[in-house]
Q: 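Structure in structure tokens, see below.
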2 protein chains.
Amino acid sequence: MTISAAAQEAGVGVETIRYYERRGLIRQPPSKGGYRQYPEATIRQIRFIRESQRLGFSLTEIEELLALAAAEDTTCGDVCSATEHKLAEVRGRIATLQRLERELEEMLCAKDCTAPKRDCKLLEALSPSSPPPDGEHCCH
Amino acid sequence: MTISAAAQEAGVGVETIRYYERRGLIRQPPSKGGYRQYPEATIRQIRFIRESQRLGFSLTEIEELLALAAAEDTTCGDVCSATEHKLAEVRGRIATLQRLERELEEMLCAKDCTAPKRDCKLLEALSPSSPPPDGEHCCH
DNA sequence: CTTGACTCCGTACTACGGTACGGACCGTAT
DNA sequence: ATACGGTCCGTACCGTAGTACGGAGTCAAG
């Protein structure tokens with residue numbers, strides 16, 4: 001299986017495979033006459049990498065997962081704790097985004113707000129050019 | 001106010017201010033003998049930029065917000081629609097992360113799982129080296 | 001035997017938001 | 001007058017995950 005066939009199989013670009021190889025994520029395949037020949041196992045490995053990325057792991061973290069998979073004394077618990085770690089991270093990101101969501105909601109104008117900008121409290125709050133004066137505003 | 005005083009005031013680094021200037025986010029301050037002199041308005045503008053970043057806007061988007069603030073015919077609604085747009089984006093990201101959260105939860109082992117890796121279904125599912133065989137597994 | 005497609009390799013470039021560096025210049029205090 | 005710290009500018013670099021490029025080599029079909 002040549003590199004382009006492997007790329008097709010694994011659903012990535014040719015350059016991506018070369019990149020994974022440079023990074024040491026997949027090992028050098030045997031080559032016939034200078035051309036890489038990919039075994040099935042490497043295709044599975046690439047699919048694993050993409051799936052892990054989808055789950056939020058970075059390539060560096062995936063490197064560690066692969067090291068776990070390669071080590072003799074790895075237990076299932078090792079993998080679980082890596083997963084738990086990532087889960088905590090994802091939950092943290094969700095919490096941050098939800099705080100932002102609330103802040104944006106609070107900032108948001110009523111839909112019928114068509115007042116010119118100098119009457120817009122939101123824009124004034126954002127505006128760098130002048131400190132907000134007092135008075136009536138179209139949104140809050 | 002020199003650049004380092006301005007940086008202190010605004011809570012950013014000196015290089016950050018120079019970077020914003022290069023990007024056109026803040027305008028060139030008047031200079032005394034080749035040294036930048038910052039007016040209060042620019043400090044406010046930098047604070048605005050940081051606040052907007054915190055709310056999830058990229059520098060490119062902030063450029064647009066600043067253009068809105070500068071344009072004569074900008075209405076409050078214009079700002080609101082930008083905010084709504086960003087809110088939708090944030091909600092999308094939350095939804096994606098929540099899907100990942102559920103997937104990670106489902107993958108997660110029981111805590112007392114200490115079986116060696118070859119009995120770990122999770123690791124086998126992840127492992128690139130061999131297709132998972134059948135049998136008993138410590139986690140599911 | 002030649003053509004065209006594929007592959008090789010190293011290097012440079014993308015986006016993002018800065019950070020770091022180095023040599024020159026300036027302003028103030030001593 | 002001179003030392004010290006701040007500032008100037010352009011340029012290069014950080015990390016992440018690739019993507020693009022160019023010139024050379026290789027393979028299979030016609």
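Order of the sequence lines fixes the chain letters, A, B, ..., with proteins taken first and strands second; residue numbering starts at 1 for each chain. All of these numbers come straight from a predicted model, not from anything done at the bench.
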Q: What is the distance from CD1 of I49(B) to C1' of dG17(C), rounded to the nearest Å?
A: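 Answer to the nearest Å: 12 Å.
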Q: So, is T16(A) close to the dT19(D) phosphate, meaning a side-chain N or O under 4.0 Å from OP1 or OP2?
A: yes
Q: When you measure from the side chain of K32(B) to the backbone N and O of Q37(B), does any donor-acceptor pair fall under 3.5 Å?
A: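 Checking the backbone N and O of Q37(B) against the side chain of K32(B), no donor-acceptor pair under 3.5 Å is found.
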Q: Just the rounded figure in Å: distance from C1' of dC8(D) to OH of Y38(B).
A: 11 Å
Q: Roughly how many Å is it from OH in Y19(A) to P in dC13(C), rounded to a whole number?
A: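 My rounded result for the distance is 18 Å.
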Q: Is any side-chain N or O of R18(B) under 3.5 Å from a base N or O of dG18(C), one able to act as donor and the other as acceptor?
A: no
Q: I3(A) CD1 to dC8(C) C1': how many Å, rounded?
A: 9 Å
Q: From OH of Y35(A) over to P of dC6(C), roughly how many Å is that when rounded to an integer?
A: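 In whole Å, dC6(C) P and Y35(A) OH are 11 Å from each other.
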Q: Please check this pair: side chain of R27(A) against backbone of T42(A), looking for a donor-acceptor N/O pair closer than 3.5 Å.
A: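 No, the answer is negative, given that no donor and acceptor are paired below the 3.5 Å cut-off.
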Q: By nearest atom, which of the nucleotides dG18(D), dG18(C), dG17(C) is closest to the R23(B) side chain?
A: dG17(C)
Q: If only side-chain N and O atoms of Q53(B) are considered, is one of them under 4.0 Å from the OP1 or OP2 phosphate oxygen of dC16(C)?
A: no
Q: Between E21(B) (CD) and dG17(C) (C1'), how many Å, whole number?
A: 16 Å
Q: Starting from the C-alpha separation in whole Å, work towards a yes-or-no answer on side-chain contact (heavy atoms from CB on, under 4.5 Å) for L100(B) and K86(A).
A: CA-CA 10 Å; L100(B) 291 182; K86(A) 182 53 62 177; over 6 Å; no
Q: Ion pair present between E51(A) and R54(A), side-chain N to carboxylate O less than 4.0 angstrom?
A: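 Between R54(A) and E51(A) there is a salt bridge, with a charged N closer than 4.0 Å to a carboxylate O.
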Q: Rounded to whole angstroms, how far apart are CZ on R36(A) and C1' on dG25(D)?
A: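 Interatomic distance, CZ of R36(A) to C1' of dG25(D): 14 Å.
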Q: Can you check whether S58(B) has a side-chain N or O nearer than 4.0 Å to OP1 or OP2 of dC16(C)?
A: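 The answer is no; no side-chain N or O of S58(B) sits under 4.0 Å from OP1 or OP2.
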Q: Any idea which of dG18(D), dT19(D), dG18(C) is nearest the E15(A) side chain?
A: dT19(D)
Q: What integer distance in Å separates Q37(B):CD from dG6(D):C1'?
A: 12 Å
Q: When you measure from the side chain of R22(B), which nucleotide among dT19(D), dT19(C), dC9(D) comes out closest?
A: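 My answer, after comparing the listed nucleotides, is dT19(C).
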Q: For Q45(B) and L25(B), indicate whether the former's side chain and the latter's backbone hold a donor-acceptor pair under 3.5 Å.
A: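 Looks like yes, one N/O pair under 3.5 Å.
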